[in-house]
Amino acid sequence: MFALLRKDLQIEFRTKETLSSLFLLGLLTLLVLSFAFDPTSDLRGEAAPGALWVAVIFAGVLGLNRSFLAERDNECLQGLLLCPVDRGTIYLAKVVANFLFMLAAQVVIVPVFVFFFNVPASLGLVGVFLTIAIGLLGFSAVGTLFAAIAVRTRAREVMLPLLLLPLVVPLFIAGVKVTGRLLPAKPLGDMAPWLHLMVGFDVVFLVVGWLVFEYAVEE
Amino acid sequence: MTSSARRLADSVLPAAALVAMVAALYMVFVYVPSDRVQGIVQRIFYFHVPLAIVTFLAFGVTAVGSALFLWRGGREWDRLAHASAEIGMVLCTLVLITGPIWARPIWGTWWTWDARLTTTLILWLIYAAYLMMRTVSGPGEQGARYAAILGVVGAVDIPIINRSVYWWRTIHPAVLVTREGGSGLSDPRMGLTLGVSFTAILLLFAWLLWLRTESARLRDALEDMRQQVVGQ
């Protein structure tokens, strides 16, 4: 598994294609959403957590789409499947790789968000970053499974968001809720169920993905 | 299935569905008294609720069919899952249409972000993606497997989605089992009407499911025959 993970990371370090496109798309999404809300309005503060998560999700979908496109060119996926390891292991390696890419993009997206949306920089931001990390793990778990499928259908770029977005609604709602609480640096309090929900989502879909990935890559 | 059982299903199901549907229409429009508070618009409830329940049943059949297809193989499970998803999609659309018709005069708005509404909408979106997947991945084994994965993942996700949107906000009336333990149906005729229209929708679903799986089975058989003839 670590060899497979290292392969993906090494390719990325050499080309930096996925990361740069993730950064840019996240940044552009934040920019577009900044135009959507009047800078002087109070609504802006209310909308800020949602805007952040939209940027995270859009950038994430893009990254997931890329992750199997690379394997598809030159029949690399065939090579991967010939590896003497369990299909579930390939899945986990891919999930972790996608997770790390998306998380790395947040290192840029979150500060840009703070900058554009004039959010007070506080310790809450660390919490926001952690919340995003929890959300992205589940997002990557579901997304990797469906990216492997979508890449082999005819309308692959369109199919992934169509499949993925309805499924990750719980993560999105929970993420926005928790972020909305953390940004003004309020104590988490009654937000604990939301965090439990996100963690539960992560665990459930890591297991489901690990079990059914085999069927997604079979010829 | 034997041919006599087939013939029975072909003749009994549509006839029973027709009888039940006519009876349901009569009861909804003539027999049952109007709700005292909501007035005549409440009568749409007798279609809305059975449609919603049978929608869940249809998607449940899809989930079970998908799981069995992945686990055991066999195209009949895939045909069942696919047919049920198609019909479920139609029923779900009807739920989403009848709901707002009722909500507009009662809640004063077509749509609110209530838990059940949101869940139903997301359900609709998941199965819209399911059906789209079937068209873009073409016929055959691979497309069936991909759709089955979505069928299983979607079914696992629905309780989580429901929980999250429930916490998010909810105002939908719980008519059948209210929190106080009683039922919102004040007249025994209301319960009877609901039962009859539920039976009608259920029979309609069973008949459509039967037609769709049969036509898919025949299509597959035809495809096999063609393969044999061409292959020689």
Side-chain angles (χ1 to χ4, degrees), chain A residues 135 138 141-178 180 190-209 211-219, chain B residues 59 63 66-73 77-78 89 92 113 115 117-170:
Chain A
V142 185
T144 304
L145 178 64
F146 284 106
I149 290 176
V151 77
R152 300 212 285 184
T153 61
R154 259 185 284 132
R156 53 178 174 273
E157 285 84 1
V158 189
M159 265 335 271
L160 182 63
L162 282 186
L163 294 168
L164 190 53
L165 293 183
L167 293 172
V168 297
V169 162
L171 285 181
F172 191 74
I173 297 179
V176 170
K177 280 278 169 190
V178 175
D190 52 342
M191 286 292 131
W194 288 110
L195 283 175
H196 294 165
L197 185 98
M198 290 173 92
V199 174
F201 187 99
D202 292 0
V203 173
V204 166
F205 284 102
L206 277 173
V207 172
V208 170
L211 286 174
V212 304
F213 186 70
E214 190 179 334
Y215 302 109
V217 290
E218 230 173 75
E219 280 304 320
Chain B
F59 291 149
S66 299
L68 283 172
F69 176 70
L70 286 183
W71 181 36
R72 307 272 286 272
W77 295 121
D78 174 54
M89 194 66 189
C92 192
W113 294 103
L117 280 73
T118 316
T119 308
T120 312
L121 182 64
I122 295 168
L123 207 59
W124 192 90
L125 286 167
I126 290 177
Y127 286 93
Y130 176 94
L131 292 178
M132 239 194 108
M133 176 93 114
R134 309 234 41 158
T135 58
V136 297
S137 52
E141 172 77 18
Q142 202 182 39
R145 220 169 36 226
Y146 292 170
I149 291 176
L150 182 58
V152 170
V153 173
V156 174
D157 205 11
I158 286 162
I160 306 180
I161 292 175
N162 190 53
R163 194 87 306 255
S164 68
V165 294
Y166 186 80
W167 284 340
W168 192 42
R169 56 196 53 186
T170 202

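We use all heavy atoms of the structure for the numbers below, so side chains are in, but hydrogens, waters and symmetry mates are not.
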A:L171, part contacting chain B, at a heavy-atom distance under 4.5 Å | neither
Heavy-atom proximity to chain B below 4.5 Å, by part of A:A174 = neither
Taking side-chain contact (heavy atoms from CB on, under 4.5 Å) as the test, write out the residues that go with B:L131, two or more places apart.
-> B:H82, B:A85, B:E86, B:M89
Hey, which of B:I161, B:I126, B:I149 has the most heavy atom pairs under 4.5 Å with chain A?
-> B:I149
For each of B:I158, B:L125, B:L150, B:L123, tally heavy-atom pairs with chain A at distances under 4.5 Å, and name the one with the top tally.
-> B:L150
Looking at residues at least two apart in the chain, or sitting in another chain, which of them share a salt bridge (Lys or Arg N to Asp or Glu O under 4.0 Å) with B:D157?
-> none
Using the side chain to side chain contact (heavy atoms under 4.5 Å, CB included) rule, take A:Y215 and B:V152 through it: C-alpha gap first, then chi angles, then the decisive distance, then the call.
-> CA-CA 12 Å; A:Y215 302 109; B:V152 170; over 6 Å; no
Sequence neighbours excluded, which residues qualify as side chain to side chain donor-acceptor pair (under 3.5 Å) partners of B:W77?
-> none
Highest number of heavy-atom pairs under 4.5 Å with chain B among A:I173, A:V212, A:V158 belongs to A:I173
Proximal to chain B - members of residues 161-170 of chain A, heavy-atom separation under 4.5 Å = A:L162, A:L163, A:P166, A:L167, A:V168, A:V169, A:P170
